[in-house]
Novice: 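What follows is a structure written as structure tokens; I'll ask about it next.
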Amino acid sequence: MEITFGNSTFLLIFSLLLCMCSGCHGCMDEERDALLQIKDSINSPEGTAFSSWYGEDCCQWEGVQCNASTTRVSSIFFYYRRDSLLENWYPNATLFAQFKDLEILHLPGNQIAGFTSPDELHSLKRLKQLNLHGNSIERASHLCWGKGALPSLYYLDLSGNNLQGFIPECLCDSLLLKRLILFGNYLHGKISPCLSNMTALQYLDLSNNQFSDSLPTFPFHNLPSIYTLILSGNKFRGKFSFSIFANLSRLSHLDISYNPYLELETESQNWFQSIKLIDLSLAGCNLRKLPRFLSSQNNLKSLDLLDNLLEGNIPSWLMHNATLQLRVRGNNLSGPFPKTFANISSRLTSLDISYNSFYGPLLEDIHLIFPELLYLRASDNGFNGGIPPSFGRLKRLQSLHLSGNKLHGEIPFLLTSNMSRLQYLYLGDNLRGDALPRNLSFSNLRVINLGNNDFTGNLSDSLWWSLLQSPALPQLRVLILRGNHLEGQIPHWLCQMRHLEILDLSRNNLSGHIPDCFDNITSWIDFSHDLNMLGLDLLSNKLTGSIPVQITQLKALNVLNLSHNKLFGELSPELAKLTDLESLDVSHNKLFGELCPELTNLIFLAVFNVSFNNLSGTIPVANQFGTFDASSYIGNPGLCGNPLSRKCEVVVEKPPKSDGNVLLSNMATTNNLLFPCILFLPVVNFIWGV
């Protein structure tokens with residue numbers, strides 16, 4: 001019987017034979033074996049990295065990419081895989097040398113202190129990118145792979161290690177490098193002259209080291225391809241002229257900020273046209289006047305002059321030359337609110353003039369002069385008068401900081417209307433009005449800081465317009481109303497703000513009971529939040545009643561302050577459920593009963609204060625409770641034991657078990673503010689890139 005095969009059958013048989021000869025599992029056997037050995041090495045002795053690796057095809061493994069045509073490993077991305085509790089790792093370079101077609105090798109954050117057999121890396125002839133950021137490399141010898149090694153390398157990141165001494169000259173053997181990143185080490189002395197031989201360099205970052213030589217001694221003119229040069233956060237000394245960069249026609253991003261020992265000179269005009277900067281940072285350079293060459297820099301998108309010694313007003317031409325971002329925070333500038341020449345519209349999207357001495361009224365026509373503003377920071381100046389309605393016409397505005405001025409009156413309706421894009425509103429230490437705004441109706445707001453003003457009235461009647469939405473202020477993360485003169489009960493509508501992370505109502509005249517609905521605020525329960533610290537501060541009010549049992553459900557809270565009120569009842573053992581608490585303050589109330597031993601399970605407590613209540617019994621001393629001094633317990637005549645001098649001479653009979661309807665709370669060390677500025681840095685840094 002004759003057997004015939006169709007074309008499709010023939011192709012199937014051919015494919016099967018091909019698989020038998022070359023392997024169908026998608027990657028080379030020797031490369032799979034090398035990866036498994038690297039896995040064992042990175043986990044030694046007891047790590048758990050790459051537990052998801054399974055199957056024969058290593059090209060499908062986490063962190064591994066292969067060339068589609070050759071099935072050889074082409075890229076390795078092992079980010080922060082070694083357990084941080086393990087000791088330093090010294091991977092064997094021989095294992096990586098197995099990947100003949102490797103082009104990208106990223107190993108950041110793996111506690112690498114160096115390679116054994118580093119010369120073996122010279123086999124990686126096609127390697128283009130090597131990222132060793134955030135490791136523990138100290139010795140330059142671990143970076144010397146032999147002259148002519150890694151001939152294709154154009155990207156090298158050694159930032160965030162422990163490199164000490166001078167820049168290793170062996171790095172200069174990589175003459176084709178285009179990006180060299182060395183920030184965040186302990187390099188000192190002078191910049192190695194051999195770097196000037198790397199004529200292909202386009203991006204050089206030497207920031208946050210300890211270089212202390214004179215900048216003009218380095219031949220920057222030998223780097224004709226450089227477009228980004230970052231030298232900030234060092235100790236460079238002596239006189240410095242921008243003319244040393246005159247021949248770098250491609251230089252567009254320059255950062256020499258926070259070199260306090262540099263003396264910047266004012267130059268003549270003859271060379272200014274040779275460079276066209278886009279991004280310039282001169283923060284913290286002790287500048288007393290603007291460098292003259294800035295007047296010719298018409299392409300600037302970002303100019304950072306913060307933390308200098310500049311005086312007078314901002315020249316109008318500077319408002320045009322900086323087209324996107326201008327930061328002059330923390331100088332000695334004065335005069336009225338800066339304006340452009342002839343009130344021509346500026347293209348600025350970000351303006352920071354905070355921490356200066358500007359005065360007078362805010363701009364009535366700010367929407368015409370700065371129509372593109374996204375971020376405006378004018379805090380801690382001397383501005384007075386009201387907030388003009390024109391601020392509500394800044395249609396793109398997302399962040400407004402006007403705290404620490406002398407403003408009064410109401411917040412413009414348009415600024416807080418449904419049409420507003422505003423997300424961050426800071427007006428603390430400032431307004432002198434009759435009451436809180438009643439028209440906060442927009443859905444984008446994430447932060448409201450109206451603390452330390454002179455707002456009066458009933459809190460339940462405030463912000464009423466927002467209640468027409470469901471839920472109220474749905475994106476709100478931070479609400480600060482501390483230090484006002486608000487009265488009435490804490491309104492239940494606050495519990496509609498399910499993403500609230502910080503609520504500060506301290507130092508008001510609020511009365512009544514603590515709402516029993518705070519467990520509706522999901523961010524205080526489920527550990528899903530944006531900020532590093534979550535807190536509830538009701539310090540210094542006139543609150544009465546017991547601590548609601550619902551408070552014990554707020555497991556994600558870090559700070560709880562209920563001190564200086566008129567609360568009564570016992571401290572429930574259920575408070576031990578608040579496992580993330582770092583500060584608990586219920587001092588100066590009328591609490592009674594014993595300190596239950598379950599509270600010692602709060603192992604993150606750094607602040608604990610129950611002073612000036614009517615507590616009794618023996619003070620527990622296990623875990624963190626062994627670290628608190630007598631100030632945490634004074635004013636409780638019935639308490640005894642360490643750290644008090646009153647000894648427990650008789651066994652105190654336990655009172656009846658609480659029914660669980662009463663609780664206690666947590667909070668800050670002092671009766672001072674619960675949330676210092678540091679709690680809001682993440683928000684500010686995100687906006688300003690500070």
Side-chain angles (χ1 to χ4, degrees), residues 167 172 180 182-183 189-207 209 211-312 314-315 317-318 320-323 325-328 331:
I167 295 177
C172 302
L180 177 59
L182 294 171
F183 75 80
K190 63 181 181 180
I191 303 175
S192 179
C194 75
L195 288 184
S196 64
N197 298 328
M198 304 172 71
T199 56
L201 265 184
Q202 299 176 358
Y203 185 105
L204 177 60
D205 187 349
L206 302 177
S207 61
N209 279 283
F211 294 112
S212 57
D213 196 25
S214 174
L215 270 182
T217 61
F218 182 81
F220 287 101
H221 60 272
N222 287 349
L223 302 176
S225 301
I226 200 81
Y227 66 80
T228 295
L229 182 59
I230 306 176
L231 304 171
S232 57
N234 281 286
K235 300 177 181 179
F236 292 115
R237 298 177 178 272
K239 290 187 176 182
F240 167 77
S241 171
F242 289 96
S243 60
I244 66 174
F245 305 125
N247 296 325
L248 304 180
S249 59
R250 298 185 181 182
L251 185 63
S252 58
H253 298 76
L254 175 62
D255 184 354
I256 59 172
S257 58
Y258 297 105
N259 278 284
Y261 306 114
L262 273 184
E263 183 181 345
L264 275 65
E265 294 181 339
T266 302
E267 304 84 358
S268 61
Q269 291 276 69
N270 56 358
W271 62 272
F272 288 169
Q273 300 301 321
S274 60
I275 59 174
K276 294 295 182 182
L277 294 174
I278 294 175
D279 188 347
L280 174 62
S281 181
L282 301 175
C285 287
N286 295 322
L287 285 174
R288 294 184 178 274
K289 57 182 179 180
L290 294 173
R292 190 179 303 173
F293 86 99
L294 288 178
S295 62
S296 66
Q297 296 299 307
N298 300 316
N299 295 328
L300 276 175
K301 291 184 177 180
S302 177
L303 177 60
D304 191 345
L305 298 169
L306 59 83
D307 297 333
N308 279 292
L309 303 171
L310 299 173
E311 298 179 342
I314 301 175
W317 55 262
L318 196 58
H320 288 285
N321 285 16
T323 59
Q325 183 181 77
L326 176 61
R327 301 199 300 174
V328 294
N331 282 277

Novice: Give, for atom CG of L277 and atom CG of N321, the distance between the pair rounded to the nearest 0.5 Å.
Specialist: 11.5 Å
Novice: Let me have the donor-acceptor pairs involving side chains of residues 214-226, under 3.5 Å, with sequence neighbours excluded, atom names and distances please.
Specialist:
from: T217; atom 1: OG1; to: D213; atom 2: OD2; distance (Å): 2.9
from: T217; atom 1: OG1; to: S214; atom 2: O; distance (Å): 2.6
from: S225; atom 1: OG; to: T199; atom 2: O; distance (Å): 3.3

Novice: Is any side-chain heavy atom of L290 closer than 4.5 Å to one of W317?
Specialist: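 Counting from C-beta outward, W317 and L290 do come under 4.5 Å.
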Novice: Looking only at atom types and distance, does a side-chain atom of S252 sit under 3.5 Å from a main-chain N or O of Y227, one as donor and one as acceptor?
Specialist: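 Flag set: sc S252 to bb Y227 pair under 3.5 Å.
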Novice: To the nearest 0.5 Å, how far apart are OH in Y258 and OG in S281?
Specialist: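 Y258 OH to S281 OG: 7.5 Å, rounded to 0.5 Å.
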Novice: Kindly say whether L306 contributes a backbone atom to a donor-acceptor pair with the side chain of D304 at under 3.5 angstrom?
Specialist: yes
Novice: Working note: L305 + L287, criterion side-chain contact (heavy atoms from CB on, under 4.5 Å); need CA distance, chi angles, decisive distance, verdict.
Specialist: CA-CA 8 Å; L305 298 169; L287 285 174; 4.1 Å; yes
Novice: Answer yes or no: is there a donor N or O on one side and an acceptor on the other, between the side chain of N331 and the main chain of L309, under 3.5 Å?
Specialist: yes
Novice: My understanding is that only residues two or more places apart in sequence, or in another chain, count here; which of them pass side chain to side chain contact (heavy atoms under 4.5 Å, CB included) with T228?
Specialist: Y203, I230, H253
Novice: Do the side chain of N308 and the main chain of C285 share a donor and acceptor less than 3.5 angstrom apart?
Specialist: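 Answer holds: yes.
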Novice: Would you say N286's side chain and P260's backbone share a donor-acceptor pair under 3.5 angstrom?
Specialist: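 Checking the backbone N and O of P260 against the side chain of N286, a donor-acceptor pair under 3.5 Å is found.
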Novice: Roughly how far, to the nearest 0.5 Å, is the CD atom of Q325 from the NZ atom of K301?
Specialist: 12.5 Å
Novice: Between Y261 and F240, does the ring centroid distance fall short of 6.0 Å?
Specialist: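 They do not qualify: ring centres at least 6.0 Å apart.
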Novice: Quick one: closest heavy-atom pair of L195 and C172, and the distance?
Specialist: N-SG, 3.6 Å
Novice: Going from OG on S207 to CG on L231, what distance comes out if it is rounded to the nearest 0.5 angstrom?
Specialist: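 Interatomic distance, S207 OG to L231 CG, rounded to 0.5 Å: 8.5 Å.
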Novice: Provide the closest heavy-atom pair for S241 versus E265 in the form atom of the first, atom of the second, distance.
Specialist: CB-OE1, 3.7 Å
Novice: Looking at N234 and S232, would you say the former's side chain and the latter's main chain have a donor-acceptor pair under 3.5 Å?
Specialist: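 Yes, because the side chain of N234 sits within donor-acceptor range (under 3.5 Å) of the backbone of S232.
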Novice: My understanding is that only residues two or more places apart in sequence, or in another chain, count here; which of them pass side chain to side chain contact (heavy atoms under 4.5 Å, CB included) with S192?
Specialist: I167, E169, C194
Novice: For the pair N209 (side chain) and F211 (backbone), establish whether a donor and an acceptor sit closer than 3.5 Å, ignoring hydrogens and angles.
Specialist: no
Novice: Measuring from K235:NZ to N259:CG, what's the distance to the nearest 0.5 Å?
Specialist: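 One gets 11.0 Å once the value is rounded to the nearest 0.5 Å.
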Novice: Begin with the C-alpha distance, continue with both residues' side-chain angles, and end with the deciding distance and a verdict on side-chain contact (heavy atoms from CB on, under 4.5 Å) for I275 and F242.
Specialist: CA-CA 10 Å; I275 59 174; F242 289 96; 5.7 Å; no
Novice: So how far is it from L254 CG to L282 CG, rounded to the nearest 0.5 Å?
Specialist: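 Here the interatomic distance stands at 7.0 Å.
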